[in-house]
2 protein chains.
Amino acid sequence: MPQPTATPEPRCEARRRQILAAAAVCFAREGFHGASIAKISRAAEMSPGHIYHFFENKEAIIAALVEHKLEQSLSMVQQFERAEDVHQAMQERVDTGVNERTDLDHAALELEILAEAARNPRVAAIVQAADAAKRERLCRLLASARGTPRGDEAAATEIIMALFDGLASRAISNPTLDRAALLAPLQAALRVLS
Amino acid sequence: MPQPTATPEPRCEARRRQILAAAAVCFAREGFHGASIAKISRAAEMSPGHIYHFFENKEAIIAALVEHKLEQSLSMVQQFERAEDVHQAMQERVDTGVNERTDLDHAALELEILAEAARNPRVAAIVQAADAAKRERLCRLLASARGTPRGDEAAATEIIMALFDGLASRAISNPTLDRAALLAPLQAALRVLS
DNA sequence: CTGACTAGATTGAACGCTCATTCTAGAATG
DNA sequence: CATTCTAGAATGAGCGTTCAATCTAGTCAG
């Protein structure tokens with residue numbers, strides 16, 4: 001018995017991560033359906049057939065990647081929840097948020113995921129479950145930050161999320177986007193919403 | 001003589017529109033790469049080969065559809081430009097705007113177009129040219145509505161566009177979206193931006 | 001009015017290719 | 001030696017695209 005309880009699947013898990021990393025690159029560059037298993041296997045430096053030992057099929061790779069991306073995005077909410085002054089933490093995080101959301105590779109993958117969710121029920125379920133979790137936690141944060149309830153917490157949360165989600169679209173539609181200049185009007189909008 | 005010079009290409013143009021309408025349905029349902037020429041031809045009630053009399057290839061259908069969609073979206077700006085009171089016209093149009101942007105089929109096609117633009121240079125060029133035109137005109141409208149310049153007109157325009165673009169993402173991510181409730185916080189955000 | 005002719009519209013089978021997926025046999029490991 | 005891992009060729013389906021054949025409707029000769 002080499003490892004009794006320490007590392008559950010050292011090789012297998014590493015391989016899986018290797019495939020997901022390669023898939024993320026290929027999917028961002030060519031889309032879910034433009035990227036072939038052959039290309040992903042080349043990027044992951046393994047044979048096409050071997051990928052099927054770790055994932056049932058191509059859709060499972062997409063699902064796993066989407067899940068992984070959304071888990072990352074949930075960690076942002078956790079940061080706010082741990083912060084002492086929520087208002088201040090949010091204002092400070094806007095800068096980073098804009099840069100993350102308007103990064104071209106990130107934006108491309110995010111839009112690809114949403115477009116896929118619009119037609120693939122399995123992806124839609126993953127996206128919507130993750131979104132519901134994120135939304136509820138953000139809404140609760142907003143309510144506690146406001147102190148006195150105004151009754152439109154859910155809608156305001158929705159608009160704040162639309163604002164940040166929209167940044168990905170803007171990054172694609174406007175390659176001359178001035179990220180720094182966005183901060184002032186964005187914070188003004190957030191102030192009136194929170 | 002029924003029509004001497006009125007209709008230039010009645011049959012040909014009608015066929016093109018027929019193909020584009022069928023393609024819009026197929027692309028919204030299955031994505032640009034999921035929808036095959038065979039399926040589009042079936043939806044357009046014509047043979048696959050015949051499609052190639054009207055479009056050079058599949059990419060040309062995508063390009064034509066994207067162009068058509070963006071022309072429609074430009075007509076909204078024209079409405080504002082013709083209005084007497086821009087502020088008022090915008091506030092009145094928000095309701096319609098929310099419903100248009102959060103329509104699932106519209107949102108699916110919009111996200112599909114943006115995802116394609118992120119990797120297809122031809123589509124990117126069309127999207128970005130249309131976006132630049134729309135952006136400049138909206139920015140000018142915002143400046144004239146404000147009266148006294150504040151210097152952040154371009155950035156504020158960008159944030160307003162992000163807000164509306166983001167609604168498409170929200171419609172996909174949250175199927176329980178309460179469209180009517182969005183209006184109040186959305187208008188509050190627009191008021192502080194314009 | 002009728003039949004031959006024509007040009008454009010339309011068809012659908014066929015082509016070459018790439019895809020996701022499976023299979024087989026050899027290499028590595030213990 | 002037994003077992004697990006790995007590679008890459010094989011498979012069949014489906015893709016975008018082409019093209020020779022067919023249909024259709026309008027013109028014109030008689």
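Letters A, B, ... are given to chains in the order of the sequence lines, protein chains preceding strands, and every chain is numbered from 1. Everything numeric in this text was worked out from a predicted model, so none of it was measured.
Remark: P of C:dG12 and CD1 of B:I51 are 13 Å apart, rounded to the nearest angstrom. Remark: C1' of C:dA9 and CD of B:E45 are 16 Å apart, rounded to the nearest angstrom. Summarising the geometry, the separation between NE2 on B:H53 and P on D:dC23 is reported as 17 Å, rounded to the nearest angstrom. Across the protein-nucleic acid pair, A:F54 atom CZ and C:dT21 atom P stand 16 Å apart, rounded to whole Å. Straight-line distance from the CD1 atom of B:I19 to the C1' atom of C:dT10: 12 Å, rounded to whole Å. Counting to the nearest Å, the P atom of D:dG16 and the CD atom of B:E30 are 11 Å from each other.
For the side-chain hydrogen bond (donor to acceptor under 3.5 Å, both in side chains) condition, the pairs that include at least one residue of residues 184-194 of chain A, sequence neighbours left out, are A:Q91-A:Q187.
Between A:H53 and A:H50, the angle of the ring planes lies from 30° to 60°, which puts this pair in the tilted group.
Taking 4.0 Å as the cut-off between side-chain N and carboxylate O, B:R101 and B:E110 count as a salt-bridged pair. B:E116 and B:R122 are not joined by a salt bridge, as no carboxylate oxygen comes within less than 4.0 angstrom of a charged side-chain nitrogen.
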Please list, pair by pair, any protein nitrogen or oxygen found under 3.5 Å from a nitrogen or oxygen in nucleotides 17-20 of chain C.
unit_1 : atom_1 : unit_2 : atom_2 : d
C:dA20 : OP1    : A:K58  : NZ     : 2.5
C:dA20 : OP2    : A:I37  : N      : 2.6

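Between A:R15 and D:dC5 there is no side-chain polar atom (N or O) within less than 4.0 angstrom of OP1 or OP2. Residue B:S47 has a polar side-chain atom (N or O) positioned under 4.0 Å from OP1 or OP2 of C:dT11. Between C:dT11 and B:H50, no contact under 4.0 Å exists linking OP1 or OP2 to a side-chain N or O.
For the pair B:L193 and B:L142, the minimum side-chain heavy-atom distance is 4.5 Å or more.
Of the N and O atoms on the side chains of B:E158 and A:N174, at least one donor lies less than 3.5 Å from an acceptor on the other residue.
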